[in-house]
Amino acid sequence: MTLTPGLRAQVLIMVEREDTAAEVGSGDVPVLATPRLLALAEAATVEAVRPHLADSETSVGTRVQLEHLAASPVGAHVEVSVELIEVDGRRLVFSFTARDRAKTVGQGTVERVVLDRAKFLERATR
């Protein structure tokens, strides 16, 4: 594992109807749902670490701090950028920012832990 602070990744989407609070059940308005914003942030963290993990390793999310600051309607383009800011053994801390073309729509941190995939799945299925 060769993970060092400074690793970055981005995920870009156009908000679709299925990404909205009304569709995912987190509200009743047709704007980017907070759970969907979180999923995008996590997806970007996975992309950042993927090339640096052994085939037998994976990472799992363990903690999130998220501020959803502004609404993004259907058709808006939202880019979520992450940066690895702390490595403490197998614990990884990322900061993230989500922006549309005009403003910051979300920000926060995502913590992940690197672990052995097979051992994790074995424990999870007991």
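Everything numeric here is computed off the predicted structure, so don't read it as measured data. The figures that follow rest on heavy atoms only: side chains count, while hydrogens, waters and symmetry mates do not.
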Is there side-chain contact between Leu66 and Thr34, with at least one heavy-atom pair below 4.5 Å?
-> yes

### Query
Does the pair Val49 and Leu3 meet the rule for a side chain to side chain contact (heavy atoms under 4.5 Å, CB included), with working shown?
CA-CA 7 Å; Val49 300; Leu3 297 167; 4.0 Å; yes

Minimal heavy-atom distance between Ala9 and Ala44, with the atoms involved, is CB-O, 3.4 Å

Thinking salt bridges, do Glu47 and Arg50 make one under a 4.0 Å N-O criterion?
-> yes

Check: Hey, is NZ on Lys119 packed in by over 12 heavy atoms from elsewhere, all under 6.0 Å?
Finding: no

query: Is it true that Glu23 and Arg36 make a salt bridge, defined as a side-chain N closer than 4.0 Å to a carboxylate O?
result: no

Check your understanding: For Thr109 and Phe96, what are the C-alpha separation, side-chain angles and deciding distance, and is it a side chain to side chain contact (heavy atoms under 4.5 Å, CB included)?
Key -> CA-CA 6 Å; Thr109 58; Phe96 74 87; 5.7 Å; no

Smallest heavy-atom separation, Ala33 atom then Val24 atom, equals CB-CG2, 3.3 Å

| request: Evaluate side chain to side chain contact (heavy atoms under 4.5 Å, CB included) for Val105 paired with Leu69, printing each intermediate quantity in order. | output: CA-CA 5 Å; Val105 299; Leu69 303 169; 5.8 Å; no

What one should report as the nearest heavy-atom pair of Arg112 and Thr62 is N-OG1, 4.1 Å

Test item: side-chain donor near acceptor, Arg117 and Ser56, under 3.5 Å
no

Requested in this report: Indicate if Leu7 and Val114 have the same hydrophobic cluster label, given that clusters are the connected sets of ILVMFWY residues with side-chain heavy-atom separations under 4.5 angstrom.
Outcome: yes

Rounding to 0.5 Å, atoms CG (Asp19) and CG (Leu40) come to a distance of 7.0 Å

- Does Glu57 reach the main-chain N or O of Ala54 with its side chain, forming a donor-acceptor pair under 3.5 Å? yes

Q. Any chain of hydrophobic side-chain contacts (each under 4.5 Å) joining Leu84 to Val113?
A. no

The reported gap from CG in Leu37 to CD in Gln107 (rounded to nearest 0.5 angstrom) is 10.5 Å

What one should report as the nearest heavy-atom pair of Val80 and Ala98 is CG2-CB, 3.9 Å

Rounding to 0.5 Å, atoms OG (Ser95) and CZ (Arg8) come to a distance of 8.0 Å

**Message:** Would a single hydrophobic cluster contain both Val78 and Val31, if residues Ile, Leu, Val, Met, Phe, Trp and Tyr are joined by side-chain heavy-atom contacts under 4.5 Å?
**Reply:** no

>> Taking the basic N atoms (NZ, or NE/NH1/NH2) and the acidic carboxylate oxygens, is any pair closer than 4.0 Å for Arg99 and Glu79?
In response: no

| request: Establish whether Val87 and Val64 are linked, either directly or via other cluster members, by ILVMFWY side-chain heavy-atom contacts under 4.5 Å. | output: yes

In this structure, NE2 of His77 is separated from CG of Asp100 (nearest 0.5 Å) by 11.0 Å

Value for CG (Asp116) from CG (Leu121), rounded to nearest 0.5 Å, stands at 9.0 Å

Taking the basic N atoms (NZ, or NE/NH1/NH2) and the acidic carboxylate oxygens, is any pair closer than 4.0 Å for Asp88 and Arg91? yes

For the hydrophobic clusters of this structure (ILVMFWY residues joined by side-chain heavy atoms under 4.5 Å, transitively), does one cluster hold both Ile13 and Val46?
no

Smallest heavy-atom separation, Ala70 atom then Thr104 atom, equals CB-O, 4.1 Å

| said: Is there a side chain to side chain contact (heavy atoms under 4.5 Å, CB included) between Val110 and Val82? Walk through the geometry before answering. | reply: CA-CA 9 Å; Val110 175; Val82 301; over 6 Å; no

- request: Please tell me if the side chains of Ile85 and Pro5 come closer than 4.5 Å, counting only heavy atoms from C-beta onward.
  value: no

Value for NE2 (His52) from CG (Leu92), rounded to nearest 0.5 Å, stands at 11.0 Å

In terms of heavy-atom contacts, Gln10 and Ser81 come closest through CG-OG, 3.4 Å

